[in-house]
Protein chains: 2
Amino acid sequence: MTASNRDDEKLKSEIRLRFHQLGQRFTQEREALLAVLLTTDRALTPQELYEAAQKSETVGLTTAYRIIETLTRIGFAQVILINGELRYRLCSPTHHHHMVCTQCQKVEEFAECQLEGLDYGSFHPTSHRVEIFGLCEQCQKGSS
Amino acid sequence: MTASNRDDEKLKSEIRLRFHQLGQRFTQEREALLAVLLTTDRALTPQELYEAAQKSETVGLTTAYRIIETLTRIGFAQVILINGELRYRLCSPTHHHHMVCTQCQKVEEFAECQLEGLDYGSFHPTSHRVEIFGLCEQCQKGSS
DNA sequence: TGCCTTATCGAAAATGGTTTTCAATAACTA
DNA sequence: TAGTTATTGAAAACCATTTTCGATAAGGCA
Ligand SMILES: [Mn+2]
Ligand SMILES: [Mn+2]
Ligand SMILES: [Zn+2]
Ligand SMILES: [Zn+2]
């Protein structure tokens, strides 16, 4: 099963380009970690990312933390709080929001955004976050 | 400056009632901690809650953690992720969302919710979270 | 009111996720 | 290919949160 909602090849080359612009090297370890992030639709903990990447390449947990930090900082990943845990998901850099399965941590993106016309009074908004929590199709069947 | 958006007296008695129903005692420590939460409009870290309560009553940090856990579990407080930190805010138990100042951590509630009519496809939604980040009125002036 | 049961408190220790350190290594450039 | 320098990862440090457990106090009841 391939990850949905994103154009993975496009995203991958965008990330490579950005890394290059920032003078970052494209190491085997980063390649392996990024491959994991590109082929999952779940939001992962750093530990999970580390374990998954381990299957194809020897990577350190520290390196998993580092790539998460970098990707999040430059806007290619987002943190999501699910069941009290911080998890990370590769994201397309366009504006979108998330449907989050609280059972398997699958994250589906959706683009509709209803927040534009709202009245915020004297508050000056700069960004926002919308998360729909629930059960994905698979998890509805599994645990009816 | 008193906390906005909530009817603090009403909220306080609701919490007392709920605590009583659960067989929880209303100790001096909880009184002091709750007083802090009721009189601030900021989302606090456990450490900040502890320090603020300390001014009127001797409280342990552990107790601050415990009341946050309890209030969150029974729906009278919510966790918000601000600048990478988990912060907690007393909340009215009615459905609402948040405008969050990323500078002073002030949280204003708003009730409008545009998410009802959306099409979630095969995803089964159970709850959602909407957060508007930005600058409150004070912080706009202060750091122009 | 005073007693008794038991929830609660908090200091200290344990836990565990995340960050820092630093010497060895590998990626890019010329 | 050689040289420069970003990157790696094991180990240590860090620090927020949880657990432990003996002492304390809340609150129901006689
Ligand atoms: Mn996304
Ligand atoms: Mn609220
Ligand atoms: Zn699921
Ligand atoms: Zn502010």
Side-chain angles (χ1 to χ4, degrees), chain A residues 12-13 15-37 43-74 77-88 105, chain B residues 12-13 15-37 43-74 77-88 105:
Chain A
K12 185 171 181 177
S13 51
I15 293 174
R16 287 192 102 110
L17 177 63
R18 197 72 217 290
F19 266 55
H20 197 262
Q21 290 173 341
L22 295 170
Q24 310 240 48
R25 296 174 182 177
F26 222 76
T27 62
Q28 305 243 291
E29 291 82 0
R30 287 180 180 173
E31 186 88 54
L33 290 163
L34 193 56
V36 170
L37 290 170
L44 304 180
T45 61
Q47 180 72 36
E48 286 174 343
L49 172 59
Y50 158 71
E51 283 166 14
Q54 209 67 279
K55 289 169 190 165
S56 64
E57 177 77 23
T58 302
V59 218
L61 179 56
T62 311
T63 305
Y65 274 99
R66 283 195 274 237
I67 202 165
I68 283 172
E69 195 283 328
T70 303
L71 289 171
T72 304
R73 182 164 39 73
I74 68 183
Q78 281 185 35
V79 58
I80 310 177
L81 182 61
I82 310 177
N83 299 146
E85 275 184 329
L86 295 180
R87 291 178 167 269
Y88 300 85
Q105 287 79 52
Chain B
K12 184 171 182 177
S13 51
I15 293 173
R16 287 191 102 110
L17 177 61
R18 196 71 216 290
F19 265 56
H20 197 263
Q21 290 172 343
L22 296 170
Q24 311 239 48
R25 294 174 184 177
F26 222 76
T27 62
Q28 306 244 291
E29 291 83 0
R30 289 179 179 174
E31 187 89 54
L33 290 163
L34 193 56
V36 170
L37 290 170
L44 304 180
T45 62
Q47 180 72 36
E48 286 174 343
L49 172 59
Y50 158 72
E51 283 166 13
Q54 208 69 280
K55 289 169 188 163
S56 63
E57 177 76 23
T58 302
V59 221
L61 179 56
T62 310
T63 303
Y65 274 98
R66 283 195 273 237
I67 202 164
I68 284 173
E69 194 283 327
T70 302
L71 289 172
T72 303
R73 182 164 38 75
I74 68 181
Q78 282 184 35
V79 58
I80 310 178
L81 181 62
I82 310 177
N83 300 145
E85 276 184 329
L86 295 181
R87 292 179 167 268
Y88 301 84
Q105 289 78 51

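So that the names make sense, note that chain A is the first sequence line, chain B the second, and so on, each numbered from 1. Both backbone and side-chain heavy atoms feed into the values below; hydrogens, waters and symmetry mates do not.
For the pair F19(B) CZ and dT8(C) C1', the interatomic distance rounds to 12 Å; values are reported in whole Å. Between the OH atom of Y50(B) and the C1' atom of dC9(C) there is a distance of 13 Å, rounded to whole Å. In this structure, I67(B) places its CD1 atom 11 Å from P of dG10(C), rounding to the nearest Å. Between the CZ atom of R73(B) and the P atom of dT18(D) there is a distance of 12 Å, rounded to whole Å. Counting to the nearest Å, the C1' atom of dT7(D) and the CZ atom of R30(A) are 6 Å from each other. Whole-Å rounding puts the E57(B) CD to dA26(D) C1' distance at 14 Å. In this structure, CD of Q28(A) is placed 12 Å from C1' of dT25(C), rounded to the nearest angstrom. Taking atom CD on Q24(A) and atom C1' on dA6(D), their separation rounds to 9 Å, with Å as the unit.
Remark: the R25(A) side chain and the dT5(D) base include a donor-acceptor N/O pair separated by less than 3.5 Å.
L22(A) places none of its side-chain heavy atoms less than 4.5 Å from the side chain of T70(A). Using a 4.5 Å heavy-atom threshold, the side chains of L71(A) and L34(A) count as touching. You'll find the side chain of Y88(B) reaches within 4.5 Å of the side chain of T72(B), heavy atoms only.
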Would you tabulate the nitrogen or oxygen pairs shorter than 3.5 Å linking the protein to nucleotides 15-21 of chain C?
from: dT18(C); atom 1: OP2; to: Y65(A); atom 2: OH; distance (Å): 2.3
from: dT18(C); atom 1: O5'; to: Y65(A); atom 2: OH; distance (Å): 3.2

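Counting heavy atoms of neighbouring residues, nucleotides and ligands inside a 6.0 Å radius, atom CD of E69(A) exceeds 12 of them. Dense packing is recorded around CD of Q47(B), with more than 12 heavy atoms of other residues, nucleotides or ligands lying under 6.0 Å away.
Residue order along DNA chain D, read from the 5' end via each residue's closest nucleotide, puts G23(A) first among G23(A) and E29(B).
The side chain of H20(A) approaches dT29(C) more closely than any other nucleotide in the set dT29(C), dT8(C), dT8(D).
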Starting from the C-alpha separation in whole Å, work towards a yes-or-no answer on side chain to side chain contact (heavy atoms under 4.5 Å, CB included) for T27(B) and T63(B).
CA-CA 11 Å; T27(B) 62; T63(B) 303; over 6 Å; no

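Across the helix from dT1(C)-dA30(D) to dA30(C)-dT1(D), the helix axis at one end is tilted relative to the axis at the other end by 40° (nearest 10 degrees, each axis from five pairs).
Residue L33(A) holds its CG atom at 11.0 Å from OH of Y50(A), rounded to the nearest 0.5 Å. Going from atom CD of Q105(A) over to atom CG of N83(A) covers 6.5 Å, rounded to the nearest 0.5 Å.
Between R30(A) and E57(A) there is no salt bridge, since none of the side-chain N atoms of the basic residue sits less than 4.0 Å from a carboxylate O of the acidic one.
For dT8(C), neither phosphate oxygen OP1 nor OP2 lies less than 4.0 angstrom from any side-chain nitrogen or oxygen of T63(B).
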